[in-house]
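Quick notes on the structure that follows.
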Number of protein chains: 4
Amino acid sequence: MATIEVISRKSQEKELRKQMILAAAKELFFEHSYEKTSMDAIAQKVGLAKGTLYLYFSNKDELYISLLIEGIKLLKQKMLQKIRENDNYEDKFIQTLVIASYEFSIEQPQYFSLMMSFQTESLPKINCISSDVTSEIEFHHNEIMSLCVSIVQEGIEKGIIDSSENPFEVVIQIWFSGTGAIVMMQCHYDDIETFCRMSKLEFMESLAKRFYKSLKK
Amino acid sequence: MATIEVISRKSQEKELRKQMILAAAKELFFEHSYEKTSMDAIAQKVGLAKGTLYLYFSNKDELYISLLIEGIKLLKQKMLQKIRENDNYEDKFIQTLVIASYEFSIEQPQYFSLMMSFQTESLPKINCISSDVTSEIEFHHNEIMSLCVSIVQEGIEKGIIDSSENPFEVVIQIWFSGTGAIVMMQCHYDDIETFCRMSKLEFMESLAKRFYKSLKK
Amino acid sequence: MATIEVISRKSQEKELRKQMILAAAKELFFEHSYEKTSMDAIAQKVGLAKGTLYLYFSNKDELYISLLIEGIKLLKQKMLQKIRENDNYEDKFIQTLVIASYEFSIEQPQYFSLMMSFQTESLPKINCISSDVTSEIEFHHNEIMSLCVSIVQEGIEKGIIDSSENPFEVVIQIWFSGTGAIVMMQCHYDDIETFCRMSKLEFMESLAKRFYKSLKK
Amino acid sequence: MATIEVISRKSQEKELRKQMILAAAKELFFEHSYEKTSMDAIAQKVGLAKGTLYLYFSNKDELYISLLIEGIKLLKQKMLQKIRENDNYEDKFIQTLVIASYEFSIEQPQYFSLMMSFQTESLPKINCISSDVTSEIEFHHNEIMSLCVSIVQEGIEKGIIDSSENPFEVVIQIWFSGTGAIVMMQCHYDDIETFCRMSKLEFMESLAKRFYKSLKK
DNA sequence: GATGAATGAGACTTCATTCAT
DNA sequence: TATGAATGAAGTCTCATTCAT
């Protein structure tokens, strides 16, 4: 019994260390980009020896990808939460398809930034990603898509959204442009408040509503 | 007179060299990313010695930034051209605010990619940018914004767009989300054609029209 | 009594473990060379923890040397066997001085290779060998030499070999060059069969006979 | 004209540097083996920066192989010299096939050691040798073989060597076992003088003569 | 202006060895 | 006795930048 406890505690500690490393890496990758963050720096930030990192992640790439997956999972959870929390259809639509991503970009700017730079720099630049990992990313991406598509379908079934709309098209248009707007906004962060005289959240809501209206019967 | 001519010819040659270097850098940056492109590789591609590059650009970052500015200028030109070419207001609106960026992303994928990765990785990551350069970028960015804003204002003045709309808000919403959608599309390029059963151009036009409709009186 | 038995069983187990480690190390050292074989890999192959190896061998070098000694012992046994098995003098001479080494190189290529690379890279390159070990190697080497010398002396006593020959010189000439030829043969293994149109065994026998003839009265 | 001189001087300097690096590497490889010699150590020995080595040799392996080829060339030259210097057939035979290698092992112990450790550790352990290099090694090896074979053939034609002998077999037997004996001798260097009461050169000559006699009609 | 050899800091990664459990 | 996480020195190699020519 005691042995089992020890093993369990050890495995917990190991998981903890892994999380600590991921946390340090997240901050540094965000602050200096993937390429400019050295394993040295990460190790120093966690307070571990350089070699120790390689006990937890076989690669710098693997570390990066692990963060990415972590991020995608968090976004998915956020979306699921939005679905649960909103009964009113319009709210559910707007919150899940647009605001979820926005809030995520505010609450987890590092993860969001990481995920976006992965989009921009695109897969091939990561040297050697095992197909396991790419398929895991694919999997979560698809789940998020399904989630969004089902919301649009619900709208069509309820007679709220025009039945001539292709749910996939709608999702891609709104999700892509919403996410894209967030990225642009992060860069030109003053423009919104200066020129539009509204908060970013209001700006995103306004964007979402405009979309929503255009879908109505 | 002769001296002036010589000077002028020399300065032309110098400008030519600069352009050659930029061209080589553009291709390589795009193909292998900023970090993975070495000055060696650029020099070899232009057929110049490594040290020579430093006569034209004081460091690698400056080369990168120069390309960025070049890109912004090209996009601005494309937008101006769209304005000139389209008399019909709807066309002018859609072409300038959305399709210009899309076409630019197709015709000059290297520049577009560069500009976007700059957005994503954000300015502070470039080591040592003189304020001259940032302000030059700012300048061109603002010009593009003004261009777009004036188009929206034209719509309001013409009574096509609802006068309660804030031109800045409109521009940022449509330009940011359009550009953002293009980035996302580049990454998940199959999704559009597979799920929406339309070409990317049609997709972008559809997105733009949806927006345009939502602005009408 | 019981205690003694326990101790004895324990010591047997310990010896067994030691042999298992040596076996794993042998295969890996041969497959990837000494330097490219990690203690990790050895531990994994035996199914023990890395730290455990250090309970049996105080460091990597000792492991290597242990194998070496093991190899020398095996070669000695092979020679003794050849002496026992051959009554006819010429056969005994040829089999013990030349063919024993050749067969050993075929049957125990790992050990042979290890022993030879030890010859080539020479002792001083191993970091920290206690004099105990070097003297053990010396001891076995001398025993083998004595064995060979006694065979030559037997030939002289029997009047088969010219009495003016110095037995030591003969042994060193034939054993060294025989072993040397085997090493070279391993490297240029095609040359023999291609150019000489004989098997390697035949080649070695031919070499040995040539030598034997030159010694006869 | 001046330019050409400058270029020529530069290329001479470059060649000189290359030789300096090779010289330093040779000593260190010999002293500590390939694996235990670091590029750092080589750089320090030549008095150059680490990175500079990579301007002359793209790899650690390439550096090693360059030395190897250098060594093979030197041995070939030594053999050619022996052929030129000796008119008497027996001398030519013994000097070229056996003593050349021995003298080489004394005069250029580093090269000899390097070449032998290459034999022992065998090609596959060097990571990535371009086929260019392997074929260059092959080329020189074959030339040496041809040289030796032609000497044996000369003996057969002159009626000195029994015409039933296969020249290839003879060469391989004598050259391989001669070289092999030298290696073994280097390791157990005391044995010869202690037990045989002769110098190593005398020992090698004795070995060669024994062989030579066995070939005579 | 143009060259390209030289630099040396710094990147990722490996691994023999130790030591707390 | 056995473990295996942790260490940190050391290894190979890259590359932006400088500077003598």
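In what follows, chains carry the letters A, B, and so on, assigned in the order in which the sequence lines appear, proteins first and then strands, with residues in each chain numbered from 1.
Residue-to-nucleotide proximity on DNA chain F shows that, of C:Leu55 and A:Gly47, the 5′-proximal contact is made by C:Leu55. Along DNA chain F, the nucleotide nearest D:Tyr54 and the nucleotide nearest C:Tyr56 are compared for position; the residue whose nucleotide lies closer to the 5' end is C:Tyr56. Each of B:Leu53 and C:Ser58 lies near DNA chain E, and the nucleotide nearest B:Leu53 is the one positioned closer to the 5' end.
Among the duplex regions that DNA chain E forms, those built from at least three successive Watson-Crick or G-U pairs under 3.5 Å are E:2-21 with F:2-21, ordered by first number.
A straight line from CG of C:Asp40 to P of F:dT3 spans 14 Å, rounded to a whole angstrom. Rounded to whole Å, the distance from CD1 on C:Ile42 to P on E:dC15 is 11 Å. Protein atom CG of D:Leu28 is 12 Å distant from nucleotide atom P of F:dG11, rounded to whole Å. Here E:dA11 presents its P atom at 11 Å from NE2 of A:His32, a figure rounded to the nearest Å. Spacing between atom NZ of D:Lys60 and atom P of F:dT14 amounts to 15 Å, rounded to whole angstrom units. Summarising the geometry, the separation between CZ on A:Arg17 and C1' on F:dT7 is reported as 12 Å, rounded to the nearest angstrom. The CD-C1' distance, from D:Glu13 to F:dA20, rounds to 11 Å in whole Å. Counting to the nearest Å, the P atom of F:dC13 and the NZ atom of B:Lys36 are 18 Å from each other.
Few gaps surround CD on C:Gln19; more than 12 heavy atoms of other groups in view lie less than 6.0 Å from it.
Residue A:Asn59 has no polar side-chain atom (N or O) positioned under 4.0 Å from OP1 or OP2 of E:dC12.
Between C:Phe57 and C:Leu22 there is a side-chain heavy-atom pair separated by less than 4.5 Å. Taking 4.5 Å as the limit, some side-chain heavy atom of B:Glu35 sits within range of a side-chain heavy atom of A:Ser33.
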Report each atom pair, protein N/O against N/O of nucleotides 8-10 of chain F, whose distance is under 3.5 angstrom.
residue, atom, partner, partner atom, Å
F:dA10, N6, A:Lys50, NZ, 3.3

Can you list, pair by pair, the side-chain donor-acceptor contacts under 3.5 Å of residues 47-54 of chain C, counting residues two or more places apart and other chains?
residue, atom, partner, partner atom, Å
C:Lys50, NZ, C:Asp40, OD2, 3.1
C:Thr52, OG1, C:Ala49, O, 3.4

Could you give me the CA-CA distance, side-chain angles and deciding distance for B:Arg17 and B:Tyr56, then say whether side chain to side chain contact (heavy atoms under 4.5 Å, CB included) is met? CA-CA 8 Å; B:Arg17 276 263 212 292; B:Tyr56 294 90; 3.4 Å; yes
Walk me through it: do C:Ile65 and C:Ile137 pass the test side chain to side chain contact (heavy atoms under 4.5 Å, CB included)? CA-CA 9 Å; C:Ile65 298 289; C:Ile137 294 178; 4.2 Å; yes
Apply side chain to side chain contact (heavy atoms under 4.5 Å, CB included) to B:Met39 and B:Leu63, showing your working. CA-CA 10 Å; B:Met39 293 298 268; B:Leu63 234 174; 4.1 Å; yes
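Among the atoms of the strands shown, only primed sugar atoms or phosphate atoms (P, OP1, OP2) are found under 4.0 Å from some heavy atom of A:Thr37.
Side-chain N or O atoms of B:Thr37 include none that pairs as donor or acceptor with a backbone N or O of B:His32 at under 3.5 Å.
Taking the six-membered ring where tryptophan is involved, the planes of C:Tyr34 and C:Phe29 are tilted, since the angle between them lies from 30° to 60°.
You'll find that the side chain of A:Leu48 is closest to F:dT7, out of F:dT7, E:dG1, F:dT12.
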